[in-house]
Structure formats: structure tokens, C-alpha cells
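Both backbone and side-chain heavy atoms feed into the values below; hydrogens, waters and symmetry mates do not.
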Amino acid sequence: MSARRAWVSSGFGNLIVADLVKAGQTLLNLGVEVVEIDVTDDASVEAGVVSVKATLGQFDVLVKNAGAGAHGLQENFSGDDFQRVFDVNVVGVQRMTRAVLPKMRARQSGLILNVTSLLGRVTVPFLGLYNAAKWAVEALSENYRWELSQFGVDVAVIEPGGFPTNFFTNLIQPSSRDRDASYGEFAGAPEAMLQSMGESLANNPLQVPQIVSDAVLGVIHATPGQRRFRNEVDKSGMADPVISMNKQAEKATEVLFTAYGMEGMMKLKTNVANAA
């Protein structure tokens with residue numbers, strides 16, 4: 001079996017790797033070899049990719065799960081705050097993807113799987129910076145989907161809702177709260193919303209992180225050319241309207257691409273011998 005690789009830190013990532021091991025993917029030791037990569041640093045990404053290639057030989061799948069959450073009144077976030085979050089959530093995706101693509105394109109096979117969010121399709125107050133970053137990753141992923149389709153490289157996204165993980169305890173806060181006073185009592189609304197959301201998720205026995213890992217494995221094991229691009233994962237009721245919206249977006253894209261003679265880019269050109 002050819003080697004498959006996911007870079008992880010915590011939350012969904014740990015579950016995904018554990019489940020890949022159970023499913024028989026080639027990972028070392030417990031099934032796992034840890035390679036430290038700073039996705040905000042070009043040299044670190046390149047060195048990490050070289051290290052993994054030397055050990056495993058090739059890349060079949062890149063699961064990009066690393067991300068930073070942010071919470072607070074949007075006006076409080078500085079330009080530096082935005083750059084910090086976008087460097088991890090958006091530019092980090094580009095760095096990792098760009099590092100592995102030459103080999104995938106050469107083999108005419110591979111899968112880029114980005115974990116985005118339902119908040120990359122709809123927005124929720126006080127998570128605006130996170131919303132913006134995830135919307136950007138959705139666009140980045142979709143564009144790669146078209147540009148790589150004729151090279152046999154598949155692209156898909158996982159769109160989780162909110163889950164009771166350490167995501168909520170690691171949220172980046174604004175570097176300054178100097179605008180709070182002018183918002184009056186409303187300045188307390190972000191914290192109230194976060195508490196309410198956390199309680200709701202904790203009290204939903206169906207909203208467990210395992211279903212995100214299950215969705216990731218489902219996409220990886222799906223037949224190339226038949227994978228869904230957007231894969232919504234949620235048991236809180238948030239996914240239903242997004243599913244409808246995603247279907248409409250796919251239809252609109254088909255109409256647009258057909259009008260401009262680009263409909264062939266919507267179909268993955270598969271290399272049966274090397275398909276991931």
C-alpha cells in the first residue's frame with residue numbers, strides 16, 4: 001500500500017490520524033511518524049515535505065487541518081491580528097499545497113483535502129475573522145479543484161459545524177480591546193454568545209468530533225472522480241441550509257463554466273494506475 005500522510009496538532013487531527021491507522025494506512029510506529037512543520041514558514045514546510053518524502057516515498061493524500069480560531073468584536077482586531085490568522089489558515093494551506101503538488105501532478109494522481117468550516121459558507125457574529133479566513137480557504141480549494149482536474153489531482157473540503165473540542169479554549173482574542181467602551185453593554189455580547197454556543201454543543205450527544213474523522217476517511221477512500229467536493233459534517237441543524245446552498249452553487253458553477261466553454265474542467269481526469 002502506498003503511503004498516505006496527514007499533518008496534525010490537536011482536536012480533529014488526532015482523531016483523523018488514529019482512524020487512518022485503524023484503516024490500514026501506512027504511518028510509522030503506532031502507525032505514526034511525527035514531522036514538525038510550521039505552516040507559517042516556507043523553509044519549515046519545504047524541509048518537512050522533503051523529510052516525509054524521504055521516509056514514505058510519495059504523497060497520495062494531503063489532509064490540511066491546521067487552523068486558528070478567533071473570537072471577539074471584529075473592529076477590535078488589528079491588521080496584525082488578521083495577518084496572524086490568515087497566515088495559518090489561508091497562506092498555510094497554500095504553502096503546504098504548493099509543496100506537495102509537483103509530485104502529485106507528475107504522477108497524475110493525488111488528493112488535497114482541506115478542513116474548512118460551515119462558517120466558510122455562512123457567517124456568525126463575533127467570529128468574523130475566522131469566517132473570513134475560512135471563506136478564503138473555500139475559494140482557494142475550489143480554484144485548485146478546477147486548475148488541477150486535468151492533472152489527475154482531486155480536491156475536496158470538509159465543512160464541519162461547531163464541535164466540543166479544544167477549539168473554543170484556544171481562540172485568538174483581539175490584541176486590543178480599546179473599542180469596547182464605545183460599544184457599551186454590547187461589548188459583552190461576544191462572550192455571552194460563546195458561552196451559549198459551548199453549552200449547546202456540549203448538550204448535543206450527536207455532535208461528536210468522531211463524525212468529522214469519519215467524513216475525512218470517507219472522502220479519502222472514495223473513488224477518484226466520484227468524490228463530492230463539499231462535505232458538510234454537522235448534527236446541530238446548521239448543515240441543512242448550507243447543503244441546499246452548496247447544491248445551488250454547484251449548479252451555478254456548471255452554468256457559468258458551460259457558457260465559457262470550461263465545462264471539461266469540472267470532470268477529474270483520472271489515472272487509473274495511480275489513483276489515490
Side-chain angles (χ1 to χ4, degrees), residues 6-20 22 63-74 76-77 81 84-86 88-90 92-93 113-138 141 156-174 177 185-220 228 230-246:
W7 283 267
V8 304
S9 55
S10 60
F12 295 143
N14 287 336
L15 275 174
I16 292 167
V17 167
D19 286 345
L20 282 169
K22 293 175 186 175
V63 180
K64 182 63 174 61
N65 178 61
H71 169 256
L73 288 172
Q74 186 162 285
N76 271 330
F77 287 98
D81 293 334
R84 178 184 175 191
V85 171
F86 267 68
V88 175
N89 291 11
V90 183
V93 171
L113 180 56
N114 293 324
V115 179
T116 62
S117 173
L118 290 178
L119 296 184
R121 304 298 286 156
V122 295
T123 59
V124 172
F126 317 125
L127 294 171
L129 174 48
Y130 182 73
N131 286 144
K134 288 302 185 180
W135 279 65
V137 176
E138 286 273 335
S141 303
V157 296
I158 299 291
E159 297 176 339
F163 285 82
T165 69
N166 59 4
F167 174 85
F168 288 97
T169 59
N170 294 326
L171 291 169
I172 293 173
Q173 300 295 317
R177 303 289 293 271
E185 292 184 1
F186 191 72
E191 189 59 38
M193 181 277 286
L194 194 64
Q195 181 176 344
S196 176
M197 180 180 292
E199 291 173 355
S200 175
L201 293 174
N203 292 325
N204 184 345
L206 299 179
Q207 194 76 348
V208 292
Q210 183 62 50
I211 64 175
V212 177
S213 181
D214 293 343
V216 169
L217 265 69
V219 173
I220 290 174
R228 292 180 60 215
R230 289 190 167 95
N231 299 270
E232 309 86 353
V233 189
D234 179 78
K235 296 294 183 181
S236 72
M238 185 177 176
D240 294 339
V242 175
I243 290 171
S244 177
M245 183 171 64
N246 285 344

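- In this structure, Leu127 CG and Met197 CE are separated by 5.5 Å, a value rounded to the nearest 0.5 Å.
- Nearest heavy atoms, Arg228 versus Ala156: O-CB, 3.7 Å.
- A search for side-chain hydrogen bond (donor to acceptor under 3.5 Å, both in side chains) contacts involving Gln74 returns nothing, not counting sequence neighbours.
- Counting heavy atoms from C-beta on, the side chains of Arg230 and Arg121 come closer than 4.5 Å.
- The shortest non-hydrogen separation linking Phe86 to Ala136 is CE2-CB, 4.1 Å.
- Residues Tyr130 and Leu171 form no side-chain contact, since every pair of their non-hydrogen atoms from C-beta on lies 4.5 Å or further apart.
- Between Leu201 and Phe168 the shortest side-chain heavy-atom distance falls below 4.5 Å.
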*asked:* I'd like to know whether Val212 forms a side chain to side chain contact (heavy atoms under 4.5 Å, CB included) with Ile158, so could you lay out the CA-CA distance, the side-chain angles of the two residues, the decisive distance to 0.1 Å, and finally the verdict.
replied: CA-CA 8 Å; Val212 177; Ile158 299 291; 4.2 Å; yes
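- Ring geometry for Phe126 against His71 counts as perpendicular: the plane angle is over 60°, on a 0 to 90° scale with 30° as the lower cut.
- Asn89 places a side-chain N or O within donor-acceptor distance of the main-chain N or O of Ala68, the cut-off being under 3.5 Å.
- For the residue pair Asn203 and Glu199, no side-chain donor N or O sits within less than 3.5 Å of a side-chain acceptor on the partner.
- Put simply, the side chain of Leu113 reaches to within 4.5 Å of the side chain of Val216, judged on heavy atoms.
- Listed for the Gln207 side chain is a donor-acceptor partner under 3.5 Å among the backbone atoms of Lys235.
- When all heavy atoms are compared, the tightest approach of Val115 to Lys134 is O-NZ, 3.1 Å.
- The shortest distance between side-chain heavy atoms of Pro174 and Leu73 does not fall below 4.5 Å.
- Distance CZ/Arg84 to CG/Leu129: 10.0 Å, rounded to 0.5 Å.
- For the pair Ser213/Leu217, a side-chain contact is recorded, criterion being any heavy-atom separation below 4.5 Å from C-beta on.
- Residue Val157 is tested with Val137, Asn231, Thr116 for a side-chain contact (heavy atoms from CB on, under 4.5 Å); the sole match is Thr116.
- Atoms CD1 and CG, from Ile211 and Leu206 in turn, are 8.0 Å apart once rounded to the nearest 0.5 Å.
- Counting heavy atoms from C-beta on, the side chains of Met238 and Leu119 come closer than 4.5 Å.
- Asn114 and Ser141 are linked by a side-chain donor-acceptor pair at a separation below 3.5 angstrom, with hydrogens and angles left out of the test.
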*Would you check, one step at a time, whether the test side chain to side chain contact (heavy atoms under 4.5 Å, CB included) holds for Asp234 with Val242?*
CA-CA 10 Å; Asp234 179 78; Val242 175; over 6 Å; no
